[in-house]
Amino acid sequence: MHVHFREPGLTHKGDFATESRAALAGGITTVFDMPNTKPPTTTVQAFKEKLALAKKKCLCDFRLYMAVIVEENGADNLDEIEKVYKSKTLSKYLAGVKVYMAHSTGNLGPRHVVDGLAVNRYESLERILANKDLKNLPIVVHAEDPVCISQNISKFNPLKPVTWSKARPKDAAIIAVREACHLAKKYERALHIAHVSTLEEVLIVEKFRPLVTCEVSPHHLFFNTSMYGRFGKFLMVNPPVRAKSDVGNLWNAVYEGKIDVIATDHSPHTFDEKRKEMGMSGMPDVQTVLPMFLNEVSKGKFGLKDLVRMYCEKPAEIFGIADRGFVREGMKADL
Ligand code: DOR
Ligand code: ZN
């Protein structure tokens, strides 16, 4: 539901062939690929080009996201998204749209100035929420607040990777999730929050159900800030890993069924990219996610049924995949 397979343009990190092989080795048969490639998937043309590559090289089933962007002159790309959405041949491959409330890898976060005016920093989210023509298209939000990050980013000291979690603090995520939820309510429009990393975000989402749903990524459950000493910059990811106590609280939310979906956020980089001064954020986990959670099941902490719900059923429901996600007559079992 949430992978970065890096093609086109970033294939030194991975491509549809290598990463889909990893997915299949890890027991994953359908992936939704994110739009922060080169070029980014923001136009019909870019979508078609990526689709051609994926059809040729991707060994598992896939869908592709498009990103919503608002340029500095105020122009957005909703018309491009609409063309893909309304095309019979293309729309079946469209997973949904991704909105970056803050910059992460790529340049898809908010512009500083739109139309000569200081930004409404949630402009791209608001435009897609307000759009009635795209109203059944899933919206996935990378929720970190750009202002909170800019106030804290100087805390990052490349010599101390642990400071990454201070540079993009949990408040950044909490503020953005709260804002996204209120906007969803304002427009009565469903949206899905990617990679929640704190219980606080989950509790906000809870108040806005069923309009808002959320996912958790393995790295926010299996890693914490005490591990930077061991893994250094290899632990850098956006949103960052949190303190041990936050991770414990997040697991409790999983046990209590408060999180809809497990999604990897598989983000490969090269060894050197991870180690360089600023270190690149993101880690690969599409091959390891299922064994990691099955291990938790074997410890009796987490039911197999819960895993199936979060890993197969809910993603199919939220993203409107009619023929997958359940082992039932008429469905593609992918067993
Ligand atoms: O750490 C991250 N890496 N977070 C993102 O949102 C993007 C991803 C990437 O593409 O590298
Ligand atoms: Zn991602």
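This is a predicted model, so every value here is computed, not measured. One-based numbering along the sequence shown. In listed order, ligands and their atoms are each counted from 1.
Computed with the Zn ion (ligand 2) at the centre, the D265 OD1 to H2 NE2 angle is 90°, stated to 10 degrees.
For G282, a nitrogen or oxygen atom sits less than 3.5 Å from a nitrogen or oxygen atom of ligand 1, counting backbone and side chain alike. Considering backbone and side-chain atoms alike, H4 places an N or O below 3.5 Å from some N or O of ligand 1.
Dense packing is recorded around CD of E188, with more than 12 heavy atoms of other residues, nucleotides or ligands lying under 6.0 Å away.
Of all protein heavy atoms, the one lying nearest to atom 3 (N) of ligand 1 is S281 O, 3.0 Å. At the top of the distance list for atom 9 (C) of ligand 1, counting protein heavy atoms only, stands T105 OG1, 3.1 Å. Scanning the protein heavy atoms around atom 4 (N) of ligand 1, the nearest turns out to be N238 O, 2.9 Å. Of all protein heavy atoms, the one closest to atom 8 (C) of ligand 1 is S267 OG, 3.3 Å. In this structure, atom 5 (C) of ligand 1 lies nearest to the protein heavy atom S104 OG, 2.9 Å.
The Zn ion (ligand 2) is closest to atom NE2 of H4 (considering only N, O or S atoms).
Residue V237 has at least one heavy-atom neighbour below 4.0 Å for each of these atoms of ligand 1: 1 (O). Within ligand 1, counting atoms from 1 as listed, the ones closer than 4.0 Å to a heavy atom of R6 are 9 (C), 10 (O), 11 (O). Using a 4.0 Å cut-off to heavy atoms of H269, the atoms of ligand 1 that qualify are 11 (O). Residue-ligand proximity, H142 to ligand 1, at heavy-atom distances under 4.0 Å covers atoms 6 (O).
Using a 4.0 Å cut-off between charged side-chain N and carboxylate O, E215 and K314 make no salt bridge.
Panel note: side chain S87, backbone K83; no donor-acceptor pair is recorded below 3.5 Å. Remark: side-chain polar atoms of S165 are paired, donor with acceptor, to backbone N or O of V241 under 3.5 angstrom. When atom types are taken as modelled, the side chain of S267 and the backbone of M283 share no donor-acceptor pair closer than 3.5 angstrom.
For H195, every N, O or S atom stays at 2.8 Å or more from the Zn ion (ligand 2).
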